[in-house]
2 protein chains.
Amino acid sequence: MASTPQERDTDATAPATPAPGHVISIRDLKAACTSCSMRELCMPFGLDAHELAQIDTLVSSRKRLRKGEALYDLGTPFEALFAVRTGSLKTSVVAEDGREQVTGYHMLGDIVGLDGMATDQHLSRAVALEDTEVCVMQYDRIEPLAQHVPALQTNLRRFLAREISRDQSIMLMLGSMRAEERLAAFLLDLAERYRRRGYSSTQYLLRMTREEIGSFLGLKLETVSRLFSRFQQEGILRINGRDVTLLDTPALRQLCTSRD
Amino acid sequence: MASTPQERDTDATAPATPAPGHVISIRDLKAACTSCSMRELCMPFGLDAHELAQIDTLVSSRKRLRKGEALYDLGTPFEALFAVRTGSLKTSVVAEDGREQVTGYHMLGDIVGLDGMATDQHLSRAVALEDTEVCVMQYDRIEPLAQHVPALQTNLRRFLAREISRDQSIMLMLGSMRAEERLAAFLLDLAERYRRRGYSSTQYLLRMTREEIGSFLGLKLETVSRLFSRFQQEGILRINGRDVTLLDTPALRQLCTSRD
DNA sequence: CGACTAGTTGAGGCCAGTCAATGTTGGTGG
DNA sequence: CCACCAACATTGACTGGCCTCAACTAGTCG
């Protein structure tokens, strides 16, 4: 249980937990990034001490979201990028006829909101899957800062480019994998991401409902449910509601690449 | 026929057509962008005359590709971005087990190669669908130039962000549309892109095989073929090999959003 | 001419969707 | 405390859309 993702980095200097929805002012955020445990996965990645000091004022505020609350929605003006500090979010796009496609699941250290840079309006929505806190990086503050800190410029581009290749892997999954392969790939992706964050890669909590997972994978919720049951029956994993334990990772890996 | 996409902007100052594969030297490329008919869709978009003059040396060379030739492949070091000058390309990702997923079709004015910025290696491949010429924008030249031309910085980010939202629309298509809806959306997307480039939006040539279209849409080639036949029978379009004429665009549009 | 590639069309099978019944969990208010 | 409800999840029976396999045509190129 100790390895389940949970708040590890409670900021000792932070004031008493503010109410959800509360925007934490900049005055409480000196050295926001320097002291953050996610700095090596997040925007400050690879910066030296000097550069780090310069971007430490990047985070103008933080924002708390209650479960189900939207960080931004279709048409929201693009003003900032967000770094997930605690909790998690899903992003999704919606068609005119109302169909929704989940396009991403974002956890600790992930940057969300990049899509808004295309048109100065967000073309997708981001919704908290649990009580969540994000760092707000005002875009008109990033821009001039990046002019003077090339490493930040580079990181920004890399996050954009990484998002592109991430999306392309998802296309590969949606376009050419069968249901069981998709779910296996999804579970392994989660495992890898938890591992990189220092959590268990074999036991974690799903933050999405079966329906949301299905939307992400291009499947119906019943199919997702059935697959979980089957995987469990085959001894590949143990599942109890949203609590997953991977028992046979090699088998999962093999499932992903099984043009049988 | 006059409205079929074809080379419109043959550069009068260019030397005699070099052999395919030939790399055209920078000496022939003064004012590459200023005089290009695609400048308002391509990297110079929105730049004023002064800025345009500054980025006019961005294109260090051009490259000709024969049909089927690869511009870059999985693992190719990332060194440049490419702007399609004539012809067209497909981009695709390949899984370890060899499965290929076409992730994009790129025409006149499109920027390709953005995915390489994530890891300094390309994670996808780009292959010419016909004899094609691209402008080569050396990345180590873009970087310093962007430092001094903010508008270029902005454009670069916008192209990256636009690619992200493009990919997300494709995810929506792959994840939540049925076969006929996907093909309809694909045909309308092509129509719109040809329109913006000054070509007919109701009559154009497909540059991809049924198999490539299928891979892009997450379908098998037989399904694509059958759908074309059905659409023709229903009077929505006329198709003869790769020559498409859209007869009932509203019907196509309705097909895309038909949760019947 | 034969070999090859691209495309069309048909027959049949299977994977995932649909519809429906039931179980489980967590929150709310009497 | 329990009753109640809504949201989430599981499982079964059935259906159908797309895939698979296969035969055939047309065009191209050596």
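In what follows, chains are A, B, ... by sequence order, proteins preceding strands, each numbered from 1.
- Across the protein-nucleic acid pair, Leu183(B) atom CG and dC18(D) atom C1' stand 14 Å apart, rounded to whole Å.
- The pair Asp243(B)-Arg238(B) does not meet the salt-bridge criterion, since no charged nitrogen lies less than 4.0 angstrom from a carboxylate oxygen.
- Among the atoms of the strands shown, none is found under 4.0 Å from any heavy atom of Gly214(A).
- Here ring pair (Phe, Tyr, Trp, His ring centres under 6.0 Å) pairs that include residues 80-110 of chain B, with residues two or more places apart or in two chains, number zero.
- In this structure, the ring pair (Phe, Tyr, Trp, His ring centres under 6.0 Å) partners of Phe216(A), at least two apart in sequence or on a different chain, are Phe186(A).
- Between the C1' atom of dT18(C) and the CG atom of Leu219(A) lies a distance of 14 Å, rounded to the nearest Å.
- For Glu234(A), the side chain to side chain donor-acceptor pair (under 3.5 Å) partners two or more places apart in sequence, or in a different chain, are Arg230(A).
- Straight-line distance from the CZ atom of Phe231(B) to the C1' atom of dG7(C): 17 Å, rounded to whole Å.
- Residue Lys220(B) contributes atom NZ, which lies 16 Å from atom P of dG7(C) at whole-angstrom precision.
- Within 4.0 Å (heavy atoms only), Gly68(A) reaches no atom of the nucleic acid at all.
- Whole-Å rounding puts the Arg230(B) CZ to dG10(C) P distance at 14 Å.
- For Tyr72(B), the ring pair (Phe, Tyr, Trp, His ring centres under 6.0 Å) partners two or more places apart in sequence, or in a different chain, are His122(B).
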**Request:** Could you encode protein contacts along nucleotides 7-17 of chain D as a string, one character per nucleotide from 5' to 3', using B for base contact, S for sugar-phosphate-only contact and - for no contact, with a heavy-atom cut-off of under 4.0 Å?
**Result:** -SSBBBB----

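- Atom CG of Leu217(A) and atom P of dG17(C) are 10 Å apart (whole Å).
- Residues that satisfy the side chain to side chain donor-acceptor pair (under 3.5 Å) test with Ser225(A), not counting sequence neighbours, are absent from this structure.
- Atom CG in Leu227(B) sits about 14 Å away from atom C1' in dG7(C), given to the nearest Å.
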